[in-house]
Amino acid sequence: MVTSPLQLLHEAFPGRAKQIDQILGFMGKPWAATPPSLLINGNSSLGKTAVLKATLSAMLGGGSGGGSNSTQIQTEQQLQELRRRLPSRYAFLDCVECHTPRLIFEHAIYQLRNPPPSQDKGSVVFPSTHASTTGMSEKKEAATVSRKRKRMTTSPLDWNKCENVNEFVEWCRKICDTKDELDEFHETHGNHRAVSGSISKHQNETRYLVLDRAERLRDTAPTLISVLMRLQELTGRNICVILITTIVWEKFRSKTGGYEPIVLNFPQYTKSETVAILRKDLPAEEEEDLDLYMRFVDLVYDVFQRNCKDLNEIRHLVALLFPLYIKPVKEGKIQKHEGLKLHRHIQAYFVEAMDKLYLREISSTEWSDRTLSTASGSMSGGSGSTGGGGTGGHVSTAPGGDRALTTALDVQNVFDLPYYTKFILIASFLASYNPPRLDMRYFAKVSSTGSKMTKRSKVAAAKKHGHDSMGSKLRQQLLGPKPFPIERMLAIFYSILDEEVEENVNVHTQIASLVSLRMLQRVTPMDKLDSIKCKCNVSYEMIKTLAKSTRFEIDKYLYDFS
Amino acid sequence: MSVEELVSLAKTAISARLAERSLPVALVGLEEQYKKVLGLMRRTIETGESNSCLILGPRGTGKTMLVRQALKDLERQFGTSYQDEYGEYEDDMDVDDVRKDFMVVHLNGLVQTDDRMALKEIMRQLSREGESELGNSNTSFSDSLPSLLTFLKAGTKAQYPIIFILDEFDLFAQHTKQSLLYNLFDVAQSAEWPIAVIGLTCRMDALELLEKRVKSRFSHRHYYTFPPGDYHDYIDICKNALLLTPADLEIQTDVMMVGTDHRTAEAFMKEFNQRVKTLFEDGGFSKVVQRIFDLMKDVRAFYRLCFGPVAELSKESPYLRASQFYESGLQQRVDNKTELLKGTSLLELSLLIAIKHLVEREVTSFNFEMVYDEYKDFMDMAVVRGTMASSASSLGVSSGGSIASSDGVSLRLYKKAVALKAFEHLVEAELLRPADSFSKGPKEYRMMRVMLDASQISDVVLKHRDCPTIVARWAARRG
């Protein structure tokens, strides 16, 4: 029983059957007239690229098969053979790679003049295609491999120069006009009556030009999009341009307008579709755990779907957490059917993962290595203690003590500076965030107790200034650092430093090194040596840890911070 | 001929019309302009009169179609083998053997982006030998145009009238010194060589773009095309695109074709056209078309709508059905922005709501820190309320500061880093835009503007699949 390519495609992409049918509908017969341009849009990780690539390669890349009777199969096979050997009918370009018009043109020409990239016959693999968004290097590797393969089978045509639209249009005509065996094949076979028809007399097969991440096109050249939209009209040939993007068409429109593409929207996956996709991720060797896996997938979906719409992220989470989920089962601590126990066991990890959602501070292999080694012990379950009131108010502390995921804060803790440099940085932070008019109040070294504000009066002052008509949203803390003259910062520096600064501490060298570390940012141009102004480029959290390490109470000196 | 073949023929024919690859069956509402343009071209060909004109009109009103139709008719009249397909003819221009009464040079402002390129293209289209001899010469434009013309004169027996079609005329006017336009108009005015220069543009002020010396050489003839003003005209154009003609199905009156094939084809055509007519009488369908007409009067908008249903034609359902158009109409009309927003996560939605509140307080440009602060304020408040509720029901705050709100959904305050990632995603989707062109410094403090208005945000909150009531209430609150 031969399964048709269409069925294969539908199976490979759960929940995308309608879109695949639509695309195929627009494509029609290989030589049929197509819409001049299509725009496929939808949020990231909805399978836009993967679906299109698989559809094109199955239909035009020699991967197609099927047919109901034996003669059809035979002609199909002949067709496939031709497709694999002859110049490709489609070019698939990524606008990140092809960032200038010239690159786009030349890559398109190259791909259209050479056989389609090799692939396993008729197989459309979901994971690998989906993951291609992240694995740039992997892609490159595949490209070189396919190029190598091509070199072995047929000598590829030379790389052709094409610098402007004019030449590209010329090339398109040339490419579309070259009649090869495939076109002849269509003509010789009786079922392609349309070829001899009046309208499609000289029509060869339709060429497709697919541009992934098309939003980048807008940066390349102003008229390029208009050109591509009406490439069919300009060349007068059967050529269809397909754009894939995450943003809406309105953002593409140029000032003078132009031909509008047909918009095809890829909707969000539903729960059952997501689960079906995740089902495919289960490695074959763990097939016996399918029940458990599906239960786990269900759980992950329910916990995360609200906050994480990105399918790739959910897949990442499943891949990360599933080994942890089944670990106690494998060790024999918990039986498979004890769902509640397992649930409680994994909950702690969920909380942690939720905190790190999307961040991917460490690679997944690193993560699994660490968690599997450290978390072997106390997995007694139970929820962690309620947040310990950090900056965010609620810092979740997952049980088990030592944490698998290092935070960015840890990195900051490790970072160290010389003693005086720390004070310079603190002083510049204060200079950046405090209004200069309050410097007298905070830093003047007049008879100590009188002038320094008490905590209470400070709060009162903050109330008076901050909570007026604008609300408290225009506080300096939220607006970001302000530039300050170096002299002011130095004054603050000498004021907050209790002891006398030793002679040999070269403050200006330290400032220069902070600038080169990008912790201070120089606002005035480099050639101006007088009255230098700087900005403090360091976060509040980092300053707090710095201040703690020098036992300096920074909160006493900050105006209107929370 | 089987039904399948007939359907495939019909599909090809209609989609070729929809894609504007083949010309429409009839001109509707453009007869006047057509006559004038045709007359102008004909005079150039017959009497060697040089002329120039501009055809102005909004996009999709048939400027290019008009010219193509005129050229086709001229070709037919002067007995040359003009091909049906647009763009085919220039390659078939063999100067030496086929006698032609005129030549056509097609230029497009989008393709020929400077004068040198345009000149090369002219020479390529006029003759292949011309390209090899003149194409590589690096002389200036004004030198090579006369040399091109003299070359043509020397090479052939008579002066061929040349018709220059300049699509996207306004873009040619932006070339430096407008030397191409100057020379073309100059030749046209000085009557050295019979040429007709026809510019097509959608810019109504195209004439103002011309330099004084160029403008004075232009004949100041312009014709306007307008979108169909009458709903019936619009319907006629739409209907013409969908109705099948005998040629579409290869029904010929030849002796060869007479037979059962012929009859089935004719029957199919009749039935198909009948269905199309009833389609236009269908209430729901008319509503869809009327809506397009009211919104933009653009024929292409209707064509876009038709692609889907036409592509769906098959052996099983060989005729167009009104229900197909409802769906397709909905699909093309849907606000893709809200569609994209439906896929945002709760955190992103919360940030958007925070932005909405900021904007309502007339803080039009904001940075991440402000948004996060607003978001935090809300969450703090929600936590307080959540703990109060939980103290009563002893449920509530579970681990790690997530709050079980009344409808069983846990909210949690995300850390800044996670929220920043979400914020950046909004920027990537271009819902937020940097307020200033570039600014140094930490990205948290970069000022942004929102590209949605408050009502759109509340709309999204309402449409969002699983937005907890507490968040929805927050979104609805004012100020």
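Keep in mind that this is a model prediction, so the values were computed, not measured. Letters A, B, ... mirror the listed sequences (proteins, then strands); counts begin at 1.
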>> Between A/Arg218 and B/Glu430, does any NZ, NE, NH1 or NH2 come within less than 4.0 Å of an OD or OE carboxylate oxygen?
In response: yes

> OH of B/Tyr445 to NZ of A/Lys535: how many Å apart, nearest 0.5 Å?
Replying inline: 10.5 Å

>> Tell me whether B/Glu4 at atom CD has more than 12 heavy atoms from other residues, nucleotides or ligands lying less than 6.0 Å away.
In response: no

>> Between A/Glu233 and B/Arg21 (salt bridge meaning N to carboxylate O under 4.0 Å), is one present in this structure?
In response: no

>> Could you report the tightest heavy-atom contact between B/Ala311 and A/Gly25, atom names first, then the distance?
In response: CB-O, 3.1 Å

> Could you give the distance from CD (A/Glu215) to CD (B/Glu428), rounded to the nearest 0.5 Å?
Replying inline: 8.0 Å

>> Please rank B/Leu347, B/Thr113, B/Thr344, B/Leu18 by heavy-atom pairs under 4.5 Å with chain A and give me the top one.
In response: B/Thr344

> If you look at every heavy atom in A/Leu478 and B/Met370, which pair is closest and at what distance?
Replying inline: CB-CG, 3.8 Å

>> Rounded at 0.5 Å granularity, tell me how far CE in B/Met117 sits from CD in A/Glu163.
In response: 9.0 Å

> Taking every heavy-atom pair that is under 4.5 Å apart, which of B/Leu420, B/Ile14, B/Leu110 has the most such pairs with chain A?
Replying inline: B/Leu110

> Only one of B/Asn108, B/Val111, B/Leu107, B/Asp114 clears side chain to side chain contact (heavy atoms under 4.5 Å, CB included) with A/Asn166; which?
Replying inline: B/Val111

> Between atom CZ of B/Arg59 and atom OH of A/Tyr259, what is the distance when rounded to the nearest 0.5 Å?
Replying inline: 12.0 Å

> Does B/Glu168 pair with A/Arg230 as a salt bridge, N-O distance under 4.0 Å?
Replying inline: yes

> Do the side chain of B/Asn367 and the main chain of A/Gly480 share a donor and acceptor less than 3.5 angstrom apart?
Replying inline: no

>> Which residues pass the side chain to side chain contact (heavy atoms under 4.5 Å, CB included) test with B/Glu312, not counting sequence neighbours?
In response: B/Gln324

>> Under 4.5 Å from any heavy atom of chain B, what part of A/Thr223 do you find: side chain, backbone, both or neither?
In response: both

> Is there side-chain contact between B/His425 and A/Ser44, with heavy atoms separated by less than 4.5 Å?
Replying inline: yes

> Rounded to the nearest 0.5 Å, what separation is found between the CZ atom of B/Arg304 and the OG atom of A/Ser37?
Replying inline: 9.0 Å

>> If I take atom OG1 from residue A/Thr34 and atom CZ from residue B/Phe307, how far apart are they, to the nearest 0.5 angstrom?
In response: 8.0 Å

>> Working note: A/Glu170 + B/Arg124, criterion side-chain contact (heavy atoms from CB on, under 4.5 Å); need CA distance, chi angles, decisive distance, verdict.
In response: CA-CA 11 Å; A/Glu170 207 41 50; B/Arg124 195 193 64 80; 3.3 Å; yes

>> Filter on salt bridge (Lys or Arg N to Asp or Glu O under 4.0 Å), then keep only pairs touching residues 6-17 of chain B, sequence neighbours left out; what's left?
In response: B/Arg17-B/Asp248

